[in-house]
A.B. asks: 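This is the structure I have questions about; it appears just below.
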There are 2 protein chains.
Amino acid sequence: MSTRRDTAARRAIAAELAEQQNFRTAQEIHADLKLKGASASLATVYRNLAAMAGTGDIDVVLKADGEALYRHCSQPHHHHLICRSCGKTIEVRSHHIENWLEEQAAEHNFYDTDHRVEMIGLCQICHETHSS
Amino acid sequence: MSTRRDTAARRAIAAELAEQQNFRTAQEIHADLKLKGASASLATVYRNLAAMAGTGDIDVVLKADGEALYRHCSQPHHHHLICRSCGKTIEVRSHHIENWLEEQAAEHNFYDTDHRVEMIGLCQICHETHSS
DNA sequence: CTATCTGCAAAGTCTTTGCACTTTT
DNA sequence: AAAAGTGCAAAGACTTTGCAGATAG
């Protein structure tokens, strides 16, 4: 699982990730593949996602309950604004933030730093729905 | 478990959290309590931590593998710089960041937002150790 | 043909829950 | 006593792993 052969399962998983814009759980990806006929076992989905995440091919974040969310690695460096109800994600970016983060790391003598900024809330639509 | 009675278990858990500065897992807290004689069942530890986190009495973050880390609620709002090797945590804070985050949320019409900023890297000590 | 990958099912972790019993109030 | 908390063990959810069979190179 360290190397990366071009298998049907891996292709299907990669395709599924490429097709969807939002973060998905391994379970969802597995279910979607099954629906589309291009099934792969849950174990295989996990193994491939882990491999892809390991090589940096895909992004991973953790939901509030600890479940992992995967998404195909995108664009330049950025962060997320996530709706806690519908899961909609908006990418945000700012040089200010990046700079500040790097300054902090340097100031405290940290090396090989990486960071993650996540904001969760209710998007307008869900907010309106909930308050009805 | 919604209200908060003054029980031995809750006191022991709160004391344990107050005593330690770093983030601990529920399992660790449970083990430590057992060692100190002031044991409480794992289920009780979880129930109390959940209750305390719910009322905002303690902070919760998720480890990379999804396990929850708890820590007695500290100071004002802040974020963390964590050593990926030894786990040392440094708290960082900045009005700039907070403001920027709020602006972003507002700009995208998000409500009831919360956010988390985490930086991980190697602290100086671990960096030196690793490169030997 | 050999190294890998996949499926399946069993096993592991962390966490939650049902229920009878105990402690608070 | 009534209400809330606790322990224990069973149950859940997500993820990992062992192993035989299938597949890529």
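A, B, ... follow the sequence lines: proteins, then strands. Residue 1 opens every chain.
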A.B. asks: Does the side chain of A:His115 come under 3.5 Å of the side chain of A:Glu98 through a donor N or O and an acceptor N or O?
C.D. replies: yes

A.B. asks: Mind listing the closest non-hydrogen atom pair of A:Lys34 and A:Ser39 along with its distance?
C.D. replies: CA-CB, 3.9 Å

A.B. asks: Which atoms of nucleotides 17-19 of chain D (N or O only) lie under 3.5 Å from a protein N or O atom, and what are those distances?
C.D. replies:
{"unit_1": "D:dG18", "atom_1": "O6", "unit_2": "A:Arg47", "atom_2": "NH1", "d": "3.4"}

A.B. asks: In this structure, how many angstroms lie between the C1' atom of D:dA24 and the CZ atom of A:Arg10, rounded?
C.D. replies: 12 Å

A.B. asks: Tell me the closest heavy-atom pair linking A:Ala26 and A:Val45, and the distance in Å.
C.D. replies: O-CG1, 3.8 Å

A.B. asks: What is the separation between atom CD1 on B:Ile29 and atom P on C:dT15, rounded to the nearest whole Å?
C.D. replies: 10 Å

A.B. asks: Using atom NZ of B:Lys34 as one end and atom C1' of D:dG7 as the other, report the distance to the nearest whole Å.
C.D. replies: 11 Å

A.B. asks: Calculate, to the nearest 0.5 Å, the distance between atoms CD1 and CD1 belonging to B:Ile29 and B:Ile13 respectively.
C.D. replies: 7.5 Å

A.B. asks: Can you tell me how far C1' of D:dG12 sits from CG of A:Asp65, to the nearest Å?
C.D. replies: 12 Å

A.B. asks: In whole angstrom, what separates B:Leu42's CG from C:dT16's P?
C.D. replies: 10 Å

A.B. asks: Using whole Å, report how far OH of B:Tyr46 lies from P of C:dT13.
C.D. replies: 12 Å

A.B. asks: Quick one: A:Arg24 CZ to D:dT15 P, roughly how many Å, whole number?
C.D. replies: 14 Å

A.B. asks: Looking only at heavy atoms, which two atoms of B:Ala12 and B:Ala38 are closest? And how far apart?
C.D. replies: CB-O, 4.0 Å

A.B. asks: For DNA chain C, whose closest nucleotide is more 5', that of A:Ala40 or that of B:Glu67?
C.D. replies: A:Ala40

A.B. asks: Are the side chain of B:Arg11 and the backbone N or O of B:Asp6 linked by a donor-acceptor pair below 3.5 Å?
C.D. replies: yes

A.B. asks: Within this structure, what is the CG-to-C1' distance between B:Leu49 and C:dC14, rounded to whole angstrom?
C.D. replies: 13 Å

A.B. asks: Mind listing the closest non-hydrogen atom pair of A:Glu28 and A:Phe23 along with its distance?
C.D. replies: OE1-O, 4.4 Å

A.B. asks: Here's a test for you: under side chain to side chain donor-acceptor pair (under 3.5 Å), which of A:Gln27, A:Arg24, A:Gln20 qualifies with A:Asp32?
C.D. replies: A:Arg24

A.B. asks: Angle between the two end axes of the helix from C:dC1-D:dG25 to C:dT25-D:dA1, five base pairs per end, rounded to 10 degrees?
C.D. replies: 30°

A.B. asks: Is there a donor in the side chain of B:Glu16 and an acceptor in the side chain of B:His30, or the other way round, less than 3.5 Å apart?
C.D. replies: no

A.B. asks: Might you list the N or O atoms of the protein lying below 3.5 Å from N or O atoms in nucleotides 23-25 of chain C, with each pair's distance?
C.D. replies:
{"unit_1": "C:dT24", "atom_1": "O2", "unit_2": "B:Arg5", "atom_2": "NH1", "d": "3.1"}

A.B. asks: If you compare all heavy atoms of B:Val92 against all heavy atoms of B:His80, which two are closest, and at what distance to 0.1 Å?
C.D. replies: CG2-N, 4.3 Å

A.B. asks: Is the distance from OP1 or OP2 of D:dC8 to the nearest side-chain N or O of B:Ser41 less than 4.0 Å?
C.D. replies: no

A.B. asks: Work out which heavy atom in B:Ala105 is nearest to a heavy atom in A:Leu81; give both atom names and the distance.
C.D. replies: CA-CD2, 4.2 Å

